[in-house]
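I have placed the structure first, in the form of structure tokens, so that the comments after it can refer back to it.
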Amino acid sequence: MRFVKFSFVLLILLALFVPALAQEDEKDDRGAGLTIGFSQIGSESAWRTSFTEAVIAEAAERGINLLFSDAQQSQENQIAAIRAWLAQGDVDAIILAPVIESGWDDVLQEAADMGVPVIIVDRNVNADESLYVTRVSSDFVHEGRLAAAWLAQETSGNCNIVELYGTVGSAAAEDRHKGFMDVINLFGNMKIIQSQTGNFVRTEGKQVMASILSSVDPSTICAVFAHNDDMAIGAIEAIKEAGLAPAKDILIVSVDAIPDIFDAMDAGETNATVELSPFMGGPAFDAVVAYLNGEQLPKWIPVGGGLYTSRADYDADR
Ligand code: GZL
């Protein structure tokens, strides 16, 4: 009889505590309670600011303790922030938005050696894939191809193009350029006649465009391909100050789909933009939780985006 009583009590205890113990192993499926370091490039563009705000809001909504670092465009600052979090020893994971592709092997190895998972977001790193869990990003090559395909159709494959380049060495700039060239190389009469970096910054985009307009005959320029909307908006200002009509005398296509580019579109001052979603925080946090729960993840989690020539079309897709 005593054995029966003991077994009954044991069964009750197991029913009460095993599920709780199991839950302890499973992380909250949205990451509540985790401490995650987010190394952000900076605030060089309106899209970047939207991306930062979206990640911070997503972390707050999930109950994630987000440690945020704005590197002000400096890889050195990004690496220092990651090393500080590793030294503190209290981060469950790190999310890195790398400013350029090279120079990450050592710090990623240090994180791996300490068992701290790293998720890459947005731009890419040239590092061994074993050093990070996954990358959440758009397809920059596709973005470049979309921009070029629209321009080829708009000009019947005849266009001298000014390219406003993003940050040299960044995946976003290098791959958008590659995708753009993939398409224009299909047309004998489409070529880039000037290409200079504006570092994804509005004021630099204006300065570069003004310099180009004063150094070549503006009537020879058919279009501007800007690697982001901020530089396109800078170019619009320069084109107007040169007495020309942006989107008419000189076509303009860019990337990001920020609110200001739709204001310019409404004013008839730009032609097309390729969407880049700022909402990569959710997929990144989901990847952290999945990894910590022992799940296998693909090395790339893509976010999509289309090309828009009007606010109405963009809004219709929301
Ligand atoms: C691309 C991203 C780029 C944006 C710019 O994913 O890295 O950086 O297109 C930003 O606005 O500066």
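Only this structure's heavy atoms are used, side chains among them; waters, hydrogens and symmetry mates stay out. Indexing begins at 1, ligand by ligand and atom by atom, following the structure's order.
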Quiz item: Judging by distance only, is a nitrogen or oxygen of Asp230 under 3.5 angstrom from one on ligand 1?
Solution: no
Practice problem: Return a yes/no value for Ser138: is any of its N or O atoms, backbone included, closer than 3.5 angstrom to an N or O of ligand 1? | Solution: no
Quiz item: Between Leu276 and ligand 1, which residue portion shows a heavy-atom distance shorter than 4.0 Å: side chain, backbone, both, or neither?
Solution: side chain
Quiz item: For ligand 1, which atoms, with element, lie under 4.0 Å from some heavy atom of Glu44?
Solution: 8 (O), 10 (C), 12 (O)
Quiz prompt | Atoms in ligand 1 flagged as close to Ala172, the criterion being non-hydrogen separation under 4.0 Å | solution = 1 (C), 7 (O)
Quiz item: Under 4.0 Å between a Lys/Arg side-chain N and an Asp/Glu carboxylate O for Glu237 and Arg202?
Solution: no
Quiz item: So, for Thr134 and Pro298, which heavy atoms are closest and what is the spacing to 0.1 Å?
Solution: OG1-O, 2.6 Å
Quiz item: Within less than 4.0 angstrom of ligand 1, does Arg176 place any heavy atom?
Solution: yes
Quiz item: Who pairs with Trp47 by ring-ring contact (aromatic ring centres under 6.0 Å, His included), at least two apart in sequence or on another chain?
Solution: Phe51
Practice problem: Look at Arg311 together with Asp263 and state whether they make a salt bridge at an N to O cut-off of under 4.0 Å. | Solution: yes
Quiz item: Backbone, side chain, both or neither: what part of Glu143 comes under 4.0 angstrom of ligand 1, heavy atoms only?
Solution: neither
Self-check item: Closest candidate by heavy atom, reference atom 9 (O) of ligand 1, pool Thr167, Asp256, Asn228
Solution: Asp256
Which atom pairs, donor and acceptor, lie under 3.5 Å between side-chain atoms of residues 161-169 and protein residues at least two apart or in another chain?
| residue | atom | partner | partner atom | Å |
| --- | --- | --- | --- | --- |
| Glu163 | OE1 | His177 | ND1 | 3.1 |
| Glu163 | OE1 | Ser195 | OG | 2.7 |
| Glu163 | OE2 | His177 | ND1 | 2.8 |
| Glu163 | OE2 | His227 | NE2 | 2.9 |
| Tyr165 | OH | Glu174 | OE1 | 2.9 |

Practice problem: List every atom of ligand 1 that sits less than 4.0 Å from any heavy atom of Ser45, numbering the atoms from 1 in the order shown and giving each element. | Solution: 5 (C), 10 (C), 11 (O), 12 (O)
Exercise. State whether the shortest distance between N or O atoms of Trp47 and N or O atoms of ligand 1 falls below 3.5 angstrom.
Key: no
Practice problem: Assess whether side chain to side chain donor-acceptor pair (under 3.5 Å) is satisfied between Ser156 and Asn158, documenting all intermediate values. | Solution: CA-CA 6 Å; Ser156 304; Asn158 296 282; 5.5 Å; no
Exercise. Have a look at Val288 and tell me which of Val133, Asp92, Ile119, Ile94 forms a side chain to side chain contact (heavy atoms under 4.5 Å, CB included) with it.
Key: Ile119
Quiz item: Are Glu101 and Arg123 within salt-bridge range, i.e. N to O under 4.0 Å?
Solution: no
Quiz item: Tell me: protein heavy atom nearest atom 2 (C) of ligand 1, and distance?
Solution: Asp122 OD2, 3.4 Å
Quiz item: Any idea which protein heavy atom is nearest atom 8 (O) of ligand 1, and the distance to it?
Solution: Arg123 NH2, 2.8 Å
Self-check item: 4.0 Å heavy-atom contact, Phe51 with ligand 1
Solution: no
Quiz prompt | Derivation and outcome, side chain to side chain donor-acceptor pair (under 3.5 Å), residues Asp113 and Gln109 | solution = CA-CA 6 Å; Asp113 293 347; Gln109 188 61 61; 2.8 Å; yes
